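Let me begin by presenting the structure, written as structure tokens, before commenting on it.
This is a predicted model, so every value here is computed, not measured.
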Protein chains: 2
Amino acid sequence: MQYGLTELEGAVLSEIHHRGALTAFKVRKAFQDSPSIEWSGSSGAVYPAIRRMTESGLIQEKLMAQARKVNHLALTQTGIDALNQWIVAPQRATSVGLDPFRLRAGLWPHLPAEVRKEGLQRVKGEIESEVEHLRAYLETLDLVERRRVELSIILQETRLQWQAVHWPDEIGFDGGQ
Amino acid sequence: MQYGLTELEGAVLSEIHHRGALTAFKVRKAFQDSPSIEWSGSSGAVYPAIRRMTESGLIQEKLMAQARKVNHLALTQTGIDALNQWIVAPQRATSVGLDPFRLRAGLWPHLPAEVRKEGLQRVKGEIESEVEHLRAYLETLDLVERRRVELSIILQETRLQWQAVHWPDEIGFDGGQ
DNA sequence: CCGAACATGTAACCTGTTACATGATTAC
DNA sequence: GTAATCATGTAACAGGTTACATGTTCGG
């Protein structure tokens with residue numbers, strides 16, 4: 001059977017199943033704590049997604065008697081199947097994704113020289129400090145998130161490399177090794 | 001002044017201004033012809049976006065008298081400013097974006113061995129054939145789109161590399177050089 | 001006792017999707 | 001003449017966003 005999960009839905013399932021998020025709140029937290037800004041981890045996305053998937057039998061909720069209003073979440077077998085399918089789904093898993101840097105890559109030559117130079121340097125600086133931050137962050141992570149961050153670092157370094165190749169003058173090699 | 005364009009809006013402006021799309025239809029075409037599946041280039045996205053930006057003074061439409069119902073599009077000075085701002089916008093331009101491969105990277109170990117092996121090989125095959133396709137495509141492109149496709153190829157090759165490092169047995173080095 | 005963190009949820013909104021509708025022009 | 005391409009648009013829907021609303025538990 002085909003399930004057709006969105007990227008967020010798949011991510012939610014994997015948070016529950018592979019990263020030990022027991023509650024919707026923890027799932028939200030994981031998204032908010034994640035270094036990428038792609039998902040806000042808004043309750044307006046997470047709670048409806050979990051309700052949808054509960055209603056279609058992918059998630060089971062157990063309302064804890066003892067505690068405050070807390071649902072403990074777990075995947076059903078159907079949910080596990082859907083998640084595995086989502087991980088492997090080839091036309092999704094191989095797509096190049098939405099990359100703002102890439103989208104802009106060919107537009108730099110069309111900027112006025114000053115704006116371009118300043119922009120390229122600002123981008124370079126941002127990326128460098130993000131890489132630094134990601135490296136530190138790396139230590140604290142479980143394997144699932146670690147792989148993601150590792151790939152983020154590789155991506156950012158590729159971007160720096162690309163900048164150095166295409167805009168050596170604007171970036172400035174002076175002082176570097 | 002701050003304009004806060006979406007990624008699609010910025011892309012539309014750059015199609016008009018830097019890639020010579022005269023009509024909304026051509027903008028749509030460009031998105032549809034682009035190898036990445038991220039945007040459908042649906043008229044339901046493009047036409048409203050152009051109307052929005054026309055109403056806020058970023059685009060000017062000139063209804064061609066002679067022809068059928070055809071609007072020739074061009075950016076206003078305000079539109080050019082907004083586009084340049086969008087290109088340079090650092091917290092956007094440096095974000096790692098939404099990458100389905102990366103999102104799934106840490107989940108492979110959790111799949112049943114057979115599913116995983118089959119999945120990894122399928123992903124590898126898909127990526128390899130996409131790279132091949134992209135390389136051929138490259139010849140036919142203007143510089144703006146070419147830079148994007150070049151970065152897509154680099155990304156896909158990084159992914160293959162990553163697979164080879166993390167899943168050598170599943171991918172299989174035998175027969176390769 | 002008070003603030004921070006935990007926990008769930010809704011409402012209004014925005015922007016994208018697919019599918020549909022219409023018609024003109026061009027190439028064969 | 002008819003099929004493909006060019007061209008514009010709308011309607012219903014889906015899935016996100018921010019902002020708001022509410023209440024509990026725990027640490028100091």
Side-chain angles (χ1 to χ4, degrees), chain A residues 3-13 15-16 20-34 36-56 59 61-73 86 91-92 95 97-98 103, chain B residues 3-13 15-16 20-34 36-56 59 61-73 86 91-92 95 97-98 103:
Chain A
Y3 298 99
L5 303 175
T6 65
E7 291 296 279
L8 181 133
E9 286 168 344
V12 166
L13 291 185
E15 285 301 320
I16 297 168
L22 274 177
T23 64
F25 185 80
K26 295 254 173 62
V27 172
R28 267 186 76 200
K29 260 309 168 106
F31 290 150
Q32 285 172 343
D33 294 352
S34 169
S36 82
I37 58 164
E38 309 314 326
W39 286 317
S40 67
S42 61
S43 46
V46 172
Y47 285 98
I50 287 175
R51 199 198 321 142
R52 279 198 305 273
M53 292 190 284
T54 303
E55 278 165 8
S56 52
I59 295 175
E61 298 183 343
K62 270 182 201 144
L63 194 63
M64 293 291 104
Q66 31 95 249
R68 56 197 174 193
K69 190 165 65 171
V70 171
N71 285 328
H72 275 198
L73 306 174
W86 174 85
Q91 87 278 36
R92 275 285 189 69
S95 118
L98 234 173
L103 189 57
Chain B
Y3 298 99
L5 303 175
T6 65
E7 291 297 279
L8 181 135
E9 286 168 344
V12 166
L13 291 185
E15 286 300 320
I16 296 168
L22 274 177
T23 64
F25 185 81
K26 295 252 173 64
V27 173
R28 266 186 76 200
K29 260 308 168 107
F31 290 151
Q32 285 171 345
D33 294 351
S34 170
S36 82
I37 58 164
E38 309 313 327
W39 286 316
S40 67
S42 61
S43 47
V46 172
Y47 285 97
I50 287 175
R51 200 198 319 144
R52 278 198 306 272
M53 290 190 285
T54 303
E55 279 166 6
S56 53
I59 295 175
E61 297 183 344
K62 270 182 200 145
L63 193 64
M64 293 291 103
Q66 32 94 249
R68 55 199 175 191
K69 188 164 65 169
V70 171
N71 284 328
H72 275 199
L73 306 174
W86 174 84
Q91 88 277 36
R92 275 284 189 70
S95 116
L98 233 173
L103 190 56

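In this structure, CG of Leu73(A) is placed 16 Å from P of dC6(C), rounded to the nearest angstrom. In this structure, Ile50(B) atom CD1 and dT15(C) atom P are separated by 15 Å, rounded to whole Å. Remark: C1' of dG16(C) and CG of Leu98(B) are 14 Å apart, rounded to the nearest angstrom. Whole-Å rounding puts the Gln32(B) CD to dT8(D) C1' distance at 14 Å. Taking atom CG of Leu22(A) as the reference point, atom C1' of dA7(C) lies 13 Å away to the nearest angstrom. Atom pair Met53(B):CE and dC14(C):P shows a separation of 16 Å (rounding to whole Å applied). Distance CZ (Arg51(A)) to C1' (dA7(C)): 16 Å, rounded to an integer number of Å. If you measure from atom CZ of Phe25(A) to atom P of dT8(C), you get 8 Å, rounded to the nearest angstrom.
Heavy atoms of Arg28(B) sit under 4.0 angstrom from at least one base atom.
Between the CZ atom in Arg52(B) and the CG atom in Leu5(B) there is a gap of 9.5 Å [rounded to 0.5 Å]. The NZ atom of Lys62(B) lies 10.5 Å from the CG atom of Leu22(B); values are rounded to the nearest 0.5 Å. In this structure, OG on Ser42(B) lies 7.5 Å from CZ on Arg28(B), to the nearest 0.5 angstrom.
Within the 4.5 Å cutoff, the side chain of Trp86(B) has heavy atoms near those of the Glu7(B) side chain.
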Query raised in the report: Could you walk me through whether Val46(B) and Trp39(B) pass the side chain to side chain contact (heavy atoms under 4.5 Å, CB included) check?
Result: CA-CA 10 Å; Val46(B) 172; Trp39(B) 286 316; over 6 Å; no
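Of the side-chain N and O atoms in Tyr47(A), one or more sit less than 4.0 angstrom from OP1 or OP2 of dT8(C). Contact check, Lys26(B) against dC6(D): no side-chain N or O comes under 4.0 Å of OP1 or OP2. Phosphate contact (OP1/OP2 of dC6(D), side-chain N/O of Lys29(B), threshold under 4.0 Å): present.
Remark: the backbone N or O of Ile50(A) is paired with a side-chain donor or acceptor of Thr54(A) at under 3.5 angstrom.
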Under-3.5 Å N/O pairs linking protein and nucleotides 13-17 of chain D:
from	atom 1	to	atom 2	distance (Å)
dG16(D)	OP1	Thr6(A)	OG1	2.8
dT17(D)	OP1	Ser40(A)	N	3.0
dT17(D)	OP1	Ser40(A)	OG	3.1
dT17(D)	OP2	Ser40(A)	OG	3.3
dT17(D)	OP2	Ser42(A)	OG	2.8

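For the helix from dC1(C)-dG28(D) to dC28(C)-dG1(D), the end axes, each set by the C1' atoms of five terminal pairs, are bent relative to each other by 20° (nearest 10°).
In this structure, Leu73(A) and Thr23(A) approach most closely via the heavy-atom pair CD1-C, 3.8 Å. The minimum heavy-atom distance linking Phe25(B) with Tyr47(B) is given by the pair N-OH, 3.9 Å. The heavy-atom pair separating Ala21(A) from Lys26(A) by the smallest distance is CB-CB, 3.9 Å.
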